[in-house]
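Just so we're on the same page: letters track the sequence lines, and every chain starts at 1.
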Number of protein chains: 2
Amino acid sequence: MGGKIYVVGIGPGHPSQRTFAAIDAIAKSEVVVGYETYIKLVEDLLGGKEVVSAKMRQEVYRAEVSIAKALEGKTVALVSDGDPQVFGMAPLLFEMLAKRGISVDVEVVPGVTAALAAGARLGSPLGSDFVVLNLSPLLTPEDVILHRALKAAEGDFVIALYNPIDSGLLRRVLEVVKAVRGPSTPVGVVKNAYREGEAVKITTLGEVDVDEVDMRTILIVGNSETFVWGSYMITPRGYSRKYRL
Amino acid sequence: MGGKIYVVGIGPGHPSQRTFAAIDAIAKSEVVVGYETYIKLVEDLLGGKEVVSAKMRQEVYRAEVSIAKALEGKTVALVSDGDPQVFGMAPLLFEMLAKRGISVDVEVVPGVTAALAAGARLGSPLGSDFVVLNLSPLLTPEDVILHRALKAAEGDFVIALYNPIDSGLLRRVLEVVKAVRGPSTPVGVVKNAYREGEAVKITTLGEVDVDEVDMRTILIVGNSETFVWGSYMITPRGYSRKYRL
């Protein structure tokens, strides 16, 4: 009785980017469940715990196990990288609980999501209103993704692109945005932010090389005011409309 | 010589929501600069440091002081709540450095931004593509805000609304979204997430009470699939299109 599931965001990967609450939730848990890559990222915290490490695309299984263990009365940490809401395990877990009518105590522990991590490495591209858009076509139909890319471009939002696993789709999304915003728009390309093999590059919509992008890459497309200064990509908040900077 | 500015995100407010990197950056700094409310949130970390605590709307001054101290060779922590890019101090600092052609070593330390904090308290409303939209009309013209609200609604994005300081504008933004998405769309209203006086409420676009909202409130408007289950607001990621949950 009295089981509980912490859905824990461990941040971009490096231990320094974890919150104290994330560490604490894992410390309190008897069982830790996660994708094998994320389990490795918290290896230092697993001493004496039951660990359920699962392959990619076994998200339903990971949620299943977490629910089953919690129903046995155990405290479970279900870990996601970044933030667990943002294309992580939290929405799936809640959806399964709701569909099945299972009542379990759940606490979501937020984390630094990949857009914030990539943005910090680029300088400050997320300085104005922005969109977070998932490019994985596994769960969202491609026409929805392209429609959202268009609306994001029309709204002059900065656009953070997650999970560019399909290079054809990424190319089409970038074309949609380029048609609205023009080829000189800055694009930040960040691979493995705060992890081994980190690589940061600033390019433009006209010159971005889709073949350099892999699934561990976040792209941030600037809005109409975003500019590059030295090695920094910067989106103004609007102070220059009001103050002499 | 060799000054440095850390632009530090301290997260939503409670010490447990800070990252280790944020603590470390403040520990390494000789000077800590910030809005007086944020300075209070890190009071436990200030021992022996020079502290520059500034009033609201003195953002240019805060950046000025940070730059001046760094040019004296000091290490400075310029603190923002949440993440420093997201309507925090990072974009202004970079813009001032760029405009003035001043070269200083700057490191952005990301943090848990308010949308993630509010979302965690609501369950998982940010489970699909979302927009982060600042409702303060101080730096962005109102027509731009309303245009972005419309595009966000048309793109069926979840919408996180920051800084609802102008209740008339908030009302107009919610009307724009409601006209596209309908009055039964769930809305999460979170005041003081992870701070004293935290209050969480789930309502709808048809019933949201704008007079209950203050500047310390984040609103999250669901997309067309967002639903409420018990005390949770949930936006599916799309697994039910592929799996039997």
- Interface residue of largest heavy-atom contact number with chain B, from A:A153, A:P125, A:A149, A:G9, under 4.5 Å: A:P125

- Task: Against chain A, label B:F94 side chain, backbone, both or neither, depending on which of its atoms sit under 4.5 Å from a heavy atom there.
- Result: both

- Task: Grab the two heavy atoms, one from B:P91 and one from A:I234, that are nearest each other, plus how far apart they are.
- Result: O-CG2, 4.1 Å

- Separation of B:R244 CZ from A:K99 NZ (nearest 0.5 Å): 10.5 Å

- Could you tell me the separation between the CE atom of B:M96 and the OH atom of A:Y239, rounded to the nearest 0.5 Å? 10.5 Å

- Checked B:L97, B:T113, B:L122 vs chain A; the most non-hydrogen pairs under 4.5 Å come from B:L97

- Once you round to the nearest 0.5 Å, how far does CZ of A:R237 lie from CD of B:Q85? 12.0 Å

- Query: If you tally heavy-atom pairs under 4.5 Å against chain B, which of A:G11, A:A152, A:S16 wins?
  - Reply: A:S16

- Task: Count the heavy atoms belonging to other residues, nucleotides or ligands that lie under 6.0 Å from OH of A:Y61, then report whether that count exceeds 12.
- Result: no

- What part of B:L93 is in contact with chain A, defined as an atom under 4.5 angstrom from a non-hydrogen atom: side chain, backbone, both or neither? neither

- Item | Nearest atoms (heavy-atom pairs only) where B:E154 meets A:K151 | OE1-NZ, 2.8 Å

- Selection from A:I159, A:V108, A:L138, A:T140 maximising heavy-atom pairs under 4.5 Å formed with chain B: A:V108

- Are any of the side-chain heavy atoms of A:L139 and B:R241 separated by less than 4.5 Å? no

- Query: How far apart are the closest heavy atoms of A:E95 and B:S240, and which atoms are they?
  - Reply: OE2-OG, 3.5 Å

- Item | Side chain, backbone, both or neither of B:I145 within contact of chain A (heavy atoms, under 4.5 Å) | neither

- Task: Write down the atom of A:L133, the atom of B:F157, and the distance for their closest heavy-atom approach.
- Result: CD1-CE2, 4.3 Å

- Among B:A22, B:G127, B:P12, B:P15, which has the most heavy-atom pairs under 4.5 Å with chain A? B:G127

- Query: With side chains defined as the heavy atoms from C-beta onward, is the minimum distance between A:D129 and B:V132 less than 4.5 Å?
  - Reply: no

- Task: Go through the atoms of A:F87 and report whether side chain, backbone, both or neither lie under 4.5 Å from a heavy atom of chain B.
- Result: both

- Item | Among B:H14, B:E59, B:H147, residue most engaged with chain A (heavy-atom pairs, under 4.5 Å) | B:E59

- Query: Checking B:F130 against chain A: side chain, backbone, both or neither under 4.5 Å from a heavy atom?
  - Reply: both

- Message: Is B:F227 in contact with chain A via its backbone, its side chain, both, or neither, using a 4.5 Å heavy-atom distance?
- Response: side chain

- Highest number of heavy-atom pairs under 4.5 Å with chain A among B:A120, B:P141, B:A117 belongs to B:A120

- Task: Please tell me if the side chains of B:T19 and A:R18 come closer than 4.5 Å, counting only heavy atoms from C-beta onward.
- Result: no

- Item | Leading residue by heavy atom contact count with chain B [cutoff under 4.5 Å; candidates A:A21, A:A90, A:A98] | A:A98

- Query: By a 4.5 Å heavy-atom criterion (distance strictly below it), what part of A:E64 contacts chain B: side chain, backbone, both, or neither?
  - Reply: neither

- Contact part of B:N134 toward chain A, heavy-atom cut-off under 4.5 Å: side chain, backbone, both or neither? both

- Can you find a heavy atom in the side chain of B:I23 that is under 4.5 Å from one in the side chain of A:F20? yes

- Closest-packed option against chain B by number of heavy-atom pairs under 4.5 Å, given A:G238, A:P236, A:S124: A:S124

- Message: Counting only heavy atoms not in A:R100 (residues, nucleotides, ligands), do more than 12 fall under 6.0 Å from its CZ?
- Response: yes

- Query: Heavy atoms, side chains only, cut-off 4.5 Å: are B:L245 and A:V60 in contact?
  - Reply: yes

- Go through A:V144, A:L150, A:V131 and name the one with the most non-hydrogen pairs under 4.5 angstrom from chain B. A:V131

- A:R148 and B:D156 have their tightest heavy-atom pair at NH2-O, 3.1 Å

- Task: For B:V112 and A:P110, work out which heavy atoms get closest and say how close.
- Result: CG1-CB, 3.8 Å

